[in-house]
Amino acid sequence: MEQNMVRGTKALLLSLMEEGVDTIFGYPGGTIMPLYDELYNYTDKINHILVRHEQGAVHAAEGYARTTGKVGVCMATAGPGATNFVTGIADAMMDSTPIICITAQVNADKLGTNFFQEADMISITLPITKWSYQITKASEIPEVMAKAFYIAQNGKPGPVVISIAKNAQVEMIDFKYDKKELVKDIEIRRTLAENCEIEQAAKLINEAKRPLVIAGHGVAIANAEERLREFCEKGNLPVAATLMGVSVMNSFHPNYIGAVGMHGNIAPNRMTQEADVIVAVGMRFSDRVTGETRGYAPKAKVIHIEIDQSEINKNIKAHLPLRGDAAEILESLMEKIEYVERKEWFDLANELILEEDKRIFNPKLNSTEEVLMGQVVAKITDLTGGNAIIVTDVGQNQMFSARYSKFVQHKSFVTSGGLGTMGFGLPAAVGTKVGNPDRQVIAILGDGGFQMNMQELGTIMQSGIDIKIVLLNNSFLGMVRQWQELFFNKRYAFTHLDNPDFQKVAQAYNIPSGKISRTSDIEAEVKKMLESEGAYFLEVEVKEEENVFPMIPAGATLDEMIYENPNK
């Protein structure tokens, strides 16, 4: 029998290529040097993006995965290189993002000796991964890599960590890669709700006078966006999105009523409390969606469509759980649901949407005093026609982006939901653009989060990545400051930021820049940014003490939503 003897490093790269990997985000170091040396031979097949910090590599892989449907891949050396992955791994776990994190490890015979740059990544990452495995022999590489990709993508997606000892990188093996054979012992059993359960759910929906569909990130993961649209159209159902579900439905669709949750829209939050049936699709009833659960959806029977059994009944009791793939279940339901007029229910939705326009949106958008965040975000939507991919950091910039953006295309809103990771936005935008070279990618950041990973401007410069960066600069950690204003008597404890000259920062990285200080500058400067070739940095000096409303305070129910500072 013919043998194909290769080093472990080549076996690993060949395994990646068998899985269709064409991009890696990473940062080299001593222990992973053999793998990088082998990668030097494959620059025509694998595009390596050199980040400036390992955390940036993970977030870039997340942005790539979330918007392409592929597995994101990142790699780093042992010790501090590997441990710098941890925040990104936890972020990917919370937001069900399929990534493979490859980290180096010291020689197998040195494990447990406190060898230079030894860190036990398996123990460190076990609670924040779907699977963590340490390769100590080159012969393990094909099977482990096949299983890593299978586990990352199947069922509820998530991160996998593969730690590879240095000796395994240089040992020789007879390389074969038969994916089906390699994963046959771990194939995840697919489940689909029973036909009787589908019939029960359809009956509940058909008889409902006030149904509400709430769509989460699971819709995007299942590539079920079109099925969701068809389902809501056939049953004439209003649909709302969670923060992570923003863009699964065309924002201009007549059945779409906005986003639910802490800083969500008035219509879906109030309608949640009046609904008689809630169809939750691929969402986990996060506390940021429900508020205090004791008062959540008191009149509704909950139909929960979810692939992960552990999420069902975890936060909110499901009257009828439908476990399985969201796309398949929506298709099954579509065969049995009927069109029902529900004029009064949609009239309420339109009334509440107009209330929010009058009470919240219009006053902000028409203000001519200090520049407001929503004005800039709305202008971006206006000038891009809702076709851009918006990547945000965490904080007020994130919430204003979610509230004032409109989306025509799917997989167009990328943010850190479950973990709420400041520093996510800029590197995630890098990965998003690498994965979507033909789409406009705009990173909307706050000055706090930007400075956590602003070194990734170097990645943008070196790799020539064409992203537009909008920095909403209020010289505060804005969301924390808002809470201090509302609930801590304006005691701004350590939230004011003395910032650098961001124009000079952009200049130092050879990135053209502009600045907005007046409302009259917004349209011209946003247009200039969008029309520029290559990367562009737009700094916006916004009102320092602007707040995001409406808001569900901590410990409050959706019925206790506030629209302004209660202390005024």
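Predicted model, so just to flag it, every value in this text is computed and none were measured.
For Lys209, the NZ atom counts as loosely surrounded, since its 6.0 Å shell holds 12 or fewer non-hydrogen atoms of other residues, nucleotides or ligands. A 6.0 Å sphere centred on CZ of Phe487 holds more than 12 heavy atoms belonging to other residues, nucleotides or ligands. In the displayed structure, Arg491 atom CZ is contacted under 6.0 Å by at most 12 heavy atoms of other residues, nucleotides or ligands. Around atom CD of Glu564, no more than 12 heavy atoms belonging to other residues, nucleotides or ligands sit under 6.0 Å away. When the shell of 6.0 Å around NZ of Lys203 is examined, it contains 12 or fewer heavy atoms from other residues, nucleotides or ligands. Under a cut-off of 6.0 angstrom, the local environment of CZ in Phe252 is crowded, with over 12 non-hydrogen atoms contributed by other residues, nucleotides or ligands.
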Given the rule in the side-chain hydrogen bond (donor to acceptor under 3.5 Å, both in side chains) test, do Glu544 and Asn474 qualify, once you have shown the distances and angles that lead to the verdict? CA-CA 5 Å; Glu544 286 194 353; Asn474 59 9; over 6 Å; no
What's the verdict on salt bridge (charged side-chain N to carboxylate O under 4.0 Å, His left out) for Lys468 and Asp466, showing C-alpha distance, side-chain angles and the deciding distance? CA-CA 7 Å; Lys468 313 307 181 190; Asp466 175 16; 3.0 Å; yes
Check the pair Glu331, Arg227 against salt bridge (charged side-chain N to carboxylate O under 4.0 Å, His left out), reporting the backbone distance first and the verdict last. CA-CA 7 Å; Glu331 189 168 348; Arg227 284 192 178 94; 2.9 Å; yes
List the steps and the verdict of side chain to side chain contact (heavy atoms under 4.5 Å, CB included) for Val371 and Gln375. CA-CA 7 Å; Val371 179; Gln375 293 174 321; 4.2 Å; yes
Output, in order, the C-alpha distance, side-chain angles, deciding distance and verdict of side chain to side chain contact (heavy atoms under 4.5 Å, CB included) for Asn453 and Gln55. CA-CA 8 Å; Asn453 272 321; Gln55 182 183 345; 3.7 Å; yes
Tell me, with the steps shown, if Arg288 and Thr242 meet side-chain hydrogen bond (donor to acceptor under 3.5 Å, both in side chains). CA-CA 9 Å; Arg288 288 303 193 259; Thr242 66; over 6 Å; no
Test salt bridge (charged side-chain N to carboxylate O under 4.0 Å, His left out) on Lys299 and Glu274 and set out the steps. CA-CA 6 Å; Lys299 303 173 183 178; Glu274 294 300 322; 2.8 Å; yes
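Looking at Asp91, its side chain never comes within 3.5 Å of a backbone N or O of Leu419 through a donor-acceptor pair. Remark: the backbone N or O of Met334 is paired with a side-chain donor or acceptor of Lys234 at under 3.5 angstrom. Between the side chain of Gln503 and the main chain of Gly514, a donor-acceptor pair closer than 3.5 Å is present. For the pair Thr381 (side chain) and Lys406 (backbone), a donor-acceptor distance under 3.5 Å is present. Although no hydrogens or angles enter the test, the distance criterion places a donor-acceptor pair under 3.5 Å between the side chain of Arg403 and the main chain of Gly264. Asn567 places a side-chain N or O within donor-acceptor distance of the main-chain N or O of Leu486, the cut-off being under 3.5 Å. Remark: side-chain polar atoms of His319 are paired, donor with acceptor, to backbone N or O of Val302 under 3.5 angstrom. Distance alone, capped at 3.5 Å, is enough to place a donor-acceptor pair between the Asn397 side chain and the Asp393 backbone. For Asn206 (side chain) and Glu338 (main-chain N/O), a donor-acceptor pair under 3.5 Å exists by modelled atom type.
With 3.5 Å as the limit, one finds a donor-acceptor pair spanning the side chains of Thr415 and Thr392. Of the N and O atoms on the side chains of Arg439 and Ser412, at least one donor lies less than 3.5 Å from an acceptor on the other residue. Judged purely by distance below 3.5 Å, without hydrogens or angles, the side chains of Asn499 and Gln451 pair a donor atom with an acceptor atom. Side-chain contact annotation: Glu356 with Tyr563, donor-acceptor N/O pair under 3.5 Å absent. Counted by atom type alone, His410 and Glu226 present one or more donor-acceptor pairs between their side chains at under 3.5 Å. No donor-acceptor contact under 3.5 angstrom links the side chains of Ser401 and Gln398, judged on distance only. Looking only at atom types and distance, the side chain of Thr495 has a donor-acceptor partner in the side chain of Gln484 under 3.5 Å away. Using a 3.5 Å distance cut-off with no hydrogens or angles, the side chains of His253 and Glu233 do pair a donor with an acceptor.
The shortest heavy-atom contact between Asn236 and Pro238 is O-CD, 4.1 Å. In terms of heavy atoms, Gln273 sits closest to Ala297 at OE1-N, 2.9 Å. Across Pro550 and Met561, no two heavy atoms sit closer than the pair CB-CG, 3.7 Å. Taking each heavy atom of Gly295 and Thr557 in turn, the nearest pair found is CA-CG2, 3.9 Å. Here the shortest heavy-atom pairing between Ile390 and Ser405 reads CG1-OG, 4.1 Å. The nearest pair of heavy atoms linking Glu370 to Thr519 is O-CG2, 4.1 Å.
We find that Arg210 and Glu344 are not joined by a salt bridge, their nearest charged nitrogen and carboxylate oxygen being 4.0 Å or further apart. Under 4.0 Å is where a charged nitrogen must lie from a carboxylate oxygen, and between Glu485 and Arg481 at least one such pair does. A salt bridge does not link Glu355 with Lys358: none of the charged nitrogens is closer than 4.0 Å to a carboxylate oxygen.
The side chain to side chain contact (heavy atoms under 4.5 Å, CB included) search around Ala318 returns His304, Ile312, Asn313, Pro321, not counting sequence neighbours.
In this structure, Asn265 and Asn269 have side chains that are not in contact, with every pair of non-hydrogen atoms separated by 4.5 Å or more. Looking only at side-chain heavy atoms (C-beta outward), Ile205 and Ile303 come within less than 4.5 Å of each other. A heavy-atom distance below 4.5 Å is not found between the side chains of Glu306 and Lys314. At a threshold of 4.5 Å between non-hydrogen side-chain atoms, the residues Leu471 and Ile444 do not count as touching. At least one side-chain heavy atom of Val470 sits under 4.5 Å from a side-chain heavy atom of Met529. In this structure the side chain of Asn315 never reaches within 4.5 angstrom of the side chain of Thr290, judged on heavy atoms. Within the 4.5 Å cutoff, side-chain heavy atoms of Gln153 are placed close to those of Val71. The shortest distance between side-chain heavy atoms of Lys156 and Glu311 falls below 4.5 Å.
For the pairing with Val391, the side chain to side chain contact (heavy atoms under 4.5 Å, CB included) check across Ile469, Val441, Ile467 returns one residue only, Val441. When each of Phe400, Tyr404, Phe549 is tested with Phe361 by the rule ring pair (Phe, Tyr, Trp, His ring centres under 6.0 Å), just one qualifies, namely Tyr404. Checked options Glu541, Glu539, Lys515; the residue passing with Asn473 is Glu539 (criterion: side-chain hydrogen bond (donor to acceptor under 3.5 Å, both in side chains)).
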Under 3.5 Å, which donor-acceptor pairs link side chains of residues 213-225 to any protein atom two or more places apart or in another chain?
unit_1, atom_1, unit_2, atom_2, d
His217, NE2, Asp95, O, 3.4
Asn223, OD1, Lys411, NZ, 2.8
Glu225, OE2, Lys411, NZ, 2.9

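Taking the six-membered ring for Trp and the full ring otherwise, the centers of Phe450 and Phe537 sit less than 6.0 Å from each other.
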